[in-house]
Amino acid sequence: MELIKVKTGTSLGYYLWLVLCIGLFLGLYFLLRKKSKKVQYWTLFGFLAFNFALHFIKLSFPQYTGFPEVLRKCSFENICAVSTLIFPFIYLSKWKSGKDYMFYLGLVSGIAGCVAPMPVSSMDLAFYEPETFRYYICHAGIWIVPLLMVLLGIHELNWRRIWKSFIIYFAVLGVIIINEIILIRLGWVETSTLEDFLSANERDMGYAIGLPDSMQGAAKYVLWLTPKAWKDPYVPILWEFFPVVILGGLFAFLICLIWDHKRFKADMITAKCAVVRFYKATKIKVPEFFANLKTRFENAEKGEQPENTENQENDEDGNGEANE
């Protein structure tokens, strides 16, 4: 039945999975909010570890065939794959900037993956199939765990570190491209020409290469931020720079106004005080400096000696008379 197929925006199965993902988030939140930090911490890690395992277990599903080429599906082939593979290790680390990246990128890519499940929809999968289950659980975990990590106080966002998340993101895009080159060299991905490699329509590489034709219409609200020289044709990674930094920075900043508003307010007060101190320190000195400079220019135009020179001559005359 079409109703149980996962067709983006048009089937009952699609909406059921959205409800289940939201229900999973709410269920975990209310289950963990009064638990100890230790229980919260390891429960969220267990979710990430389960996703990590599912990323490899999927090779046993009928949708993944053709050894060894199928191993590419366990590699860093797109943004969500990278997140599934590295999030458990970032979570266990003390890398605060990495956890910020988990939050910002996980929220955007994880929710986007659940709202627009293109791989599941293109495979014509039913609501109850194992691959459908794996896809939604993995993508839900990408946004549920980082969001709960902040909501439960396991990690604290800091608006001063936002710029570091961009560096990590572009580094991840570089890893995806390198991963693609390795897969091509191994013969696990068929790309005969450089033009095929640079084609955004060939494979999902986290849009590091560019946007596929099917997304051009929806992306027009973002692409205006990309210089024309970088999108006709797309320049790998660089085409994303301004959209990600400007729109992503605005998104991260607004998020931090919710969770890090106290630090932001304190920093703005400190900055204001510094500006006021600087203004007060220069308010008198600057006018005096320019007044003295104006006097010097006027004297120079009249051919007059500076005051200190005249004083020096008078001293010399006085000394001479005294010696005589």
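Quantities reported herein were computed from a predicted structural model and do not represent experimental measurements.
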Look up atom [atom1] in [X] and atom [atom2] in [Y], then write down how far apart they are to the nearest 0.5 Å.
X    : Y    : atom1 : atom2 : answer
F170 : F241 : CZ    : CZ    : 6.0 Å
L211 : Y234 : CG    : OH    : 4.5 Å
I144 : F47  : CD1   : CZ    : 5.0 Å
Y135 : C80  : OH    : SG    : 6.5 Å
Q40  : K37  : CD    : NZ    : 4.5 Å
K96  : M102 : NZ    : CE    : 15.5 Å

Sorted by chain and number, sequence neighbours left out, side chain to side chain contact (heavy atoms under 4.5 Å, CB included) with C138 holds for N51, L54, R134

Exercise: identify the closest heavy-atom pair between [X] and [Y]:
X    : Y    : value
L157 : C256 : CB-SG, 4.5 Å
W239 : T226 : O-OG1, 2.8 Å
P146 : G141 : CD-O, 3.6 Å
F166 : G248 : CZ-C, 3.7 Å

Set of residues satisfying salt bridge (Lys or Arg N to Asp or Glu O under 4.0 Å) with respect to E77, sequence neighbours excluded
K73, R203

Apply side chain to side chain contact (heavy atoms under 4.5 Å, CB included) to the pair V145 and F87, showing each step before the final yes or no.
CA-CA 9 Å; V145 172; F87 276 13; over 6 Å; no

Please determine which of W259, F264, W163, Y104 meets the ring-ring contact (aromatic ring centres under 6.0 Å, His included) test together with F253.
F264

Short question: side chain of [X], backbone of [Y] - any donor-acceptor pair under 3.5 Å?
X    : Y    : answer
S121 : P117 : no
H139 : Y136 : no
D260 : W159 : yes
Y14  : V115 : yes

For a side chain to side chain contact (heavy atoms under 4.5 Å, CB included) check, start with the C-alpha distance between I79 and Y169, then their side-chain angles and the critical distance, and finish with the verdict.
CA-CA 9 Å; I79 291 291; Y169 174 73; 3.9 Å; yes

Quick note, ring-ring contact (aromatic ring centres under 6.0 Å, His included) partners involving residues 54-74, not counting sequence neighbours, are F52-F56

Would you confirm whether the ring centroid of W143 sits within less than 6.0 angstrom of the ring centroid of F25?
yes

